Amino acid sequence: MLEDLTAAGPLRAFLISADEAFVRQVQGIWPDTCIQWMVFDRAGAAVEQLFSDPPALLVSDAQLPDMTGDALVTLVKSENVYSQVAVVLCLPNEALHAGRDWSTLEADDFVLLPFEQEEFKARIELTLARMTRTLDANPLTRLPGNTTIIQFIKDNIEKRRDFALGYVDLDNFKAFNDKYGFLRGDEALMMAARVIVNTVRSFPGGMNFVGHVGGDDFVFALPLDTVEAACRRLIARFDAIVPSFYDAEDRERGSIVSNDRRGEVQTFPLMSVSIAVVCNRDGSLGHYAEASAIASQLKKKAKENFASCFVIDQRAG
Amino acid sequence: MTQDMRTAYKGRVLAVKNLPTLPKVLEEVTRLMEDPGTSTEQIAKVITYDQVLSAKVLKMVNSPIYGFPGRISSIQHALVLLGFNVVRGLIISTSVFDDMNKAMAGLWDHSVGCALACGEIAKILGMKDPEEYAVAGLLHDLGKVVSAVQLPEIKPELEALVRARDITFLEAEKSLLGFGHDRVNAWLAEHWNLPPNISEAIAYHHKPLSAQLYTKYACVVHIGDFLTRVYEFGNGGDDNVPVFQPHAMKLLGLNQRALENVLDALSDAFLEAADISFS
Ligand SMILES: [Fe+2]
Ligand SMILES: [Fe+2]
């Protein structure tokens with residue numbers, strides 16, 4: 001079953017463990033033509049490579065000399081760009097009965113040590129296969145897609161939680177795409193995704209969710225009291241970074257000049273962000289559809305402004 | 001110097017995995033990151049005192065996995081895009097120099113000095129992104145660090161040659177390795193997908209007029225490097241000042257008046273920097 005995955009050459013895998021006997025055992029399971037292991041005895045030695053050139057598979061010992069395997073898994077799994085790495089954590093047998101909360105395990109699977117070779121092999125292969133059919137993540141940004149977004153909103157409305165939903169989109173994205181092509185457009189979307197993810201995450205309060213509806217539309221959720229500051233920070237960051245995505249000439253001028261279909265010259269400013277924020281205060285949102293209806297009304301308001309801006313839904317709760 | 005040896009050296013240089021750095025900046029960034037109230041601006045400010053950490057941050061954010069290779073040349077922007085989580089990972093993966101390499105501490109000061117000088121020149125010339133000129137200045141001698149780490153046996157030979165023949169470090173590198181640190185810079189920049197402005201500036205800082213697209217960047221770094229040496233801020237690996245190309249000033253339109261302004265601003269900036277030196 002590994003054949004499909006290794007058709008283009010051996011799978012790159014990282015094995016992080018200070019236990020030499022364990023490492024030898026793992027290396028003996030698959031032929032080199034199938035899985036190529038890079039072995040690290042400490043997490044620190046692996047992290048930089050893990051981040052700049054991630055492997056398809058990461059197998060880590062739960063106890064490492066410089067950090068716990070759990071911490072390493074969190075480091076990898078909390079980033080949208082690395083979520084496609086299959087991560088398997090190797091736990092000592094006792095861990096099974098230690099009463100840990102398994103729902104918080106961020107690894108894709110775990111293996112108990114000492115392991116039985118056939119089981120280890122089966123688990124790894126199943127995990128790898130599962131990664132290729134994950135949920136509804138956006139294929140470009142790997143952020144959760146529509147199904148997850150709708151489920152998230154429904155859940156929180158049902159539980160009558162207070163929260164603010166930010167609907168983000170990029171102004172003048174089409175002009176950018178038309179001039180530079182869709183690959184450069186994807187670059188801008190990846191940048192926008194990182195700016196939104198890291199800005200939302202920089203605010204405390206737990207509920208930080210970012211989803212990618214598709215194209216240049218994103219959604220995030222934050223507690224009501226932080227959303228305004230978050231919008232300001234998001235806009236400041238996006239506006240500061242976006243010029244780097246244009247060619248020197250356009251950046252210098254601060255706009256794109258192009259001819260429309262009738263041959264008339266048109267000028268488009270650099271991309272900016274519009275954010276429409278819908279609030280759920282004391283159960284003010286009745287159901288999911290209401291959220292998107294309010295958002296699209298607010299969007300119109302936000303779009304009247306050429307610069308980056310946000311509009312917060314001010315209905316009394 | 002045979003072609004084979006040069007190729008072998010190049011291979012070893014580009015195989016660089018973990019660049020070590022000086023402990024002070026590492027400690028300071030770690031301390032800042034423990035405080036949830038720390039802003040990216042604060043962290044960026046400290047990181048720009050360290051050429052190795054800055055290079056790592058730019059290498060990471062410009063790696064293809066993030067989806068926009070070669071776009072980001074500002075440390076501040078890089079930190080926003082990477083996020084604290086990834087930066088923390090980078091800090092964990094960075095080790096500290098061993099005693100042998102501590103001898104290079106002067107090169108850290110030289111790099112910080114050059115960054116300051118480039119920033120000031122860019123400001124006085126009214127350039128749009130003085131911070132990015134400063135980054136180019138900071139990284140201009142990175143090739144020296146990478147060579148020292150990857151080719152440790154060459155370093156004592158280089159130093160001996162510089163002393164014996166009273167030549168510049170660059171000339172010694174060329175005669176022993178077949179290439180200088182400017183070449184190493186060009187290879188690294190390509191290998192790490194660094195943006196073209198930084199790439200050209202560091203690859204051409206010794207012959208700025210040969211830079212094609214970002215000649216101004218190369219000229220600013222060339223002058224910044226020279227001024228840092230004249231002020232004897234830090235140490236670039238040898239005692240003689242690099243060969244200066246006056247045409248670089250002409251190309252930038254840096255006249256006597258503007259130069260004097262740069263020199264004034266630099267005296268202040270260097271004094272201030274000496275107080276917060278991390279090396
Ligand atoms: Fe140099
Ligand atoms: Fe220099």
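Here is the naming used below: chain letters follow the sequence lines, and residue numbers restart at 1 for every chain. This is a predicted model, so every value here is computed, not measured.
The parts of B:K17 that come within reach of chain A are both its backbone and its side chain, each placing non-hydrogen atoms under 4.5 angstrom from that chain. Using a 4.5 Å cut-off between heavy atoms, B:T40 touches chain A through its side chain atoms alone. For a residue to count as touching a neighbouring chain, one of its non-hydrogen atoms must lie under 4.5 Å from one of that chain's; by this rule A:E48 touches chain B with backbone and side chain alike. For chain A, the nearby part of B:L82 is the backbone; its heavy atoms alone come within less than 4.5 Å. A:R42 does not touch chain B: none of its heavy atoms, backbone or side chain, sits under 4.5 Å away.
Taking all atoms of both residues into account, the shortest heavy-atom contact from B:H222 to B:H205 is ND1-O, 2.8 Å.
More than 12 heavy atoms of other residues, nucleotides or ligands sit less than 6.0 Å from atom NZ of B:K59. In this structure, B:E41 places its CD atom where more than 12 heavy-atom neighbours from other residues, nucleotides or ligands lie under 6.0 Å away.
No donor-acceptor pair under 3.5 Å is formed between the side chain of A:R142 and the backbone N or O of A:N80. Proximity of a side-chain donor or acceptor of B:E200 to a complementary backbone N or O of B:Y214 within less than 3.5 Å is detected.
Ring geometry, B:Y66 versus B:F68: the interplanar angle falls from 30° to 60°, so the pair is classed tilted.
Most heavy-atom pairs under 4.5 Å with chain A, from the set B:I91, B:I92, B:I72, B:V61: that is B:I92. Here A:L75 is the residue among A:V47, A:L75, A:L140, A:L50 with the most heavy-atom pairs under 4.5 Å with chain B.
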